[in-house]
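Below, all heavy atoms of this structure are taken into account, side chains as well, without hydrogens, waters or symmetry copies. None of the values given here were measured: they were computed from a predicted structure. Proteins get letters first, then strands, A, B, ... in listed order; numbering begins at 1 in each.
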Amino acid sequence: MKHEGRSRQNLKVIMAVSHNENIEAALKSQIVPDQEFLLQGSVMDNSLGVLIDRLRGLCDNSDVHPETFHDHEVVYILKDFNAPATPGPASQGVMLRVRRAVDRPDLPHQLRYVGYPELGNYPALLRNCLDVPVSSNVREFLQELGAKLDHEFMAKGYIMKKGRIKVTVFKMYKMGPGMTKENLEPMTMSHLVELSVLTTKTDMSVADDLRALADQLKPLVQLERIDYRRV
Amino acid sequence: MQREERALDTALEAIMQRVVDIKGSLQELLGKIEQEGERSDWPSYLNAYSVISAQIYTLMKVLKNEKTPVLRNYLTLPLQLSADTDDKLLAATEGRVPSFSHDFVPNLLRTKPEPDVEARHLALEAKMAQVNQDTAQKQINIHNKVVKHVMEMVNTAREEWETETSSRQTHAQTCSLNETQILVAALGTGKGIRVIQQPPQQPQARPQPSAAQQATPAQRKAVSSVKTNIKAASGMHPYGR
């Protein structure tokens, strides 16, 4: 999902990478925006219009129609595939997500890493999150590294922002052979709704803004912190 | 009639209980002020105040309760008026009211309205005497008509509002927790969309499981390494389960 604000933050991270000392200092003082607060929910397709109207009223730039996106996401797993399966996160390997904007081929691909939800009583789901713009041959690169394709899907929907909060409403489509880009099979009869905000380890106050926005969308959408491992 | 009396009794009992509670808290606070004064910290004072305000709130709730009879409709009728000290009264009020007389309960024993109320009442009576009977009747009719009209408007507005809110309650479901969970799981772990499209290594592993299935049990034991292959392959296809 392309997003100017986030890309800019990614850029910052990359620029920091080019100066090793800088990133070390940034990590030490915990000012790298690599933490993501997330609230998730869903809205049934027949109520999508109502939700979009309400979000337009709540979010920035309510005078223009919300930006749409059409992304293709491919998820790779990187791990030692010959190791015996043991319970626990170690044997599950690392999931690396490659996102590509189908509707905007000029934009760079995004390599995305999302960590496991942090334990603790946070107002929203908190996890490590890294997004890096990459060149289009990233998939070959990952395969050369030994990563295996795990699954892929299409996401089509709307993106809005309110201050630092990113709001996405999108539908997930299954992919497979025989399914052309025009003929996709939707996962469910609902759109997934996500409120997220990137922050640093030292700035947790923004989660309350996230909660406030989530409360304003009730009862149309129930946005909660959902740990996907427990679903 | 008897039922009304009983309701009044229970209501009064409840009110008295609340009043006793408030009195206890107030005494506690007074004792605290006297004994500790400024030595005590302000949060503890604020706590005491919030306790009292909560008690007053519950008292008001009892008074406004539907089951509580409207107390202002009841008359207090003094049966005995004496300036002498009444021991029973003194005991009942903890030594604060020695006798039931005008000095202590002026409001309860008043026989005339307050002076300014009386003055306003007289002014209204004088105004009434000036207007002639027919005009007054006409004005009353017009007033009643207007009030009736306003009442009708309020009632229709309320009906509309009530139907609107009730229809809003029966509004169709806009979100489904089940679908949320399906989508979140799919996004997080790929559950339900882990594909059909084979990773390049898979096709080679495929014939092996089928060969193992056809083999005799003895053979199956021998090729235990194949078995782990089956596991790995089936692990990639959780939708099959």
Is A/Asp215 salt-bridged to A/Lys218, cutoff N-O under 4.0 Å?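 A salt bridge links A/Asp215 with A/Lys218.
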Of the backbone (N, CA, C, O) and the side chain (C-beta and beyond), which part of A/Val43 lies under 4.5 Å from a heavy atom of chain B, both, or neither?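 Both backbone and side chain of A/Val43 come within 4.5 Å of chain B.
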Just wondering, do A/His72 and A/Glu152 contact through their side chains at under 4.5 Å, heavy atoms?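 Sidechains of A/His72 and A/Glu152: in contact.
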In this structure, CD of A/Glu185 is separated from CE of A/Met172 (nearest 0.5 Å) by 12.5 Å
If we define contacts as heavy-atom pairs under 4.5 Å, which of B/Leu177, B/Leu187, B/Ile182 has the most with chain A? B/Leu187
Give me the one residue out of A/Arg97, A/Arg139, A/Lys148 that meets side chain to side chain donor-acceptor pair (under 3.5 Å) with A/Tyr76.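 Output: one option passes, namely A/Arg139.
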With a 4.5 Å cut-off on heavy-atom pairs, point out which of A/Met95, A/Met189, A/Lys171, A/His191 contacts chain B the most.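 Looking at each option in turn, the highest pair count goes to A/Met189.
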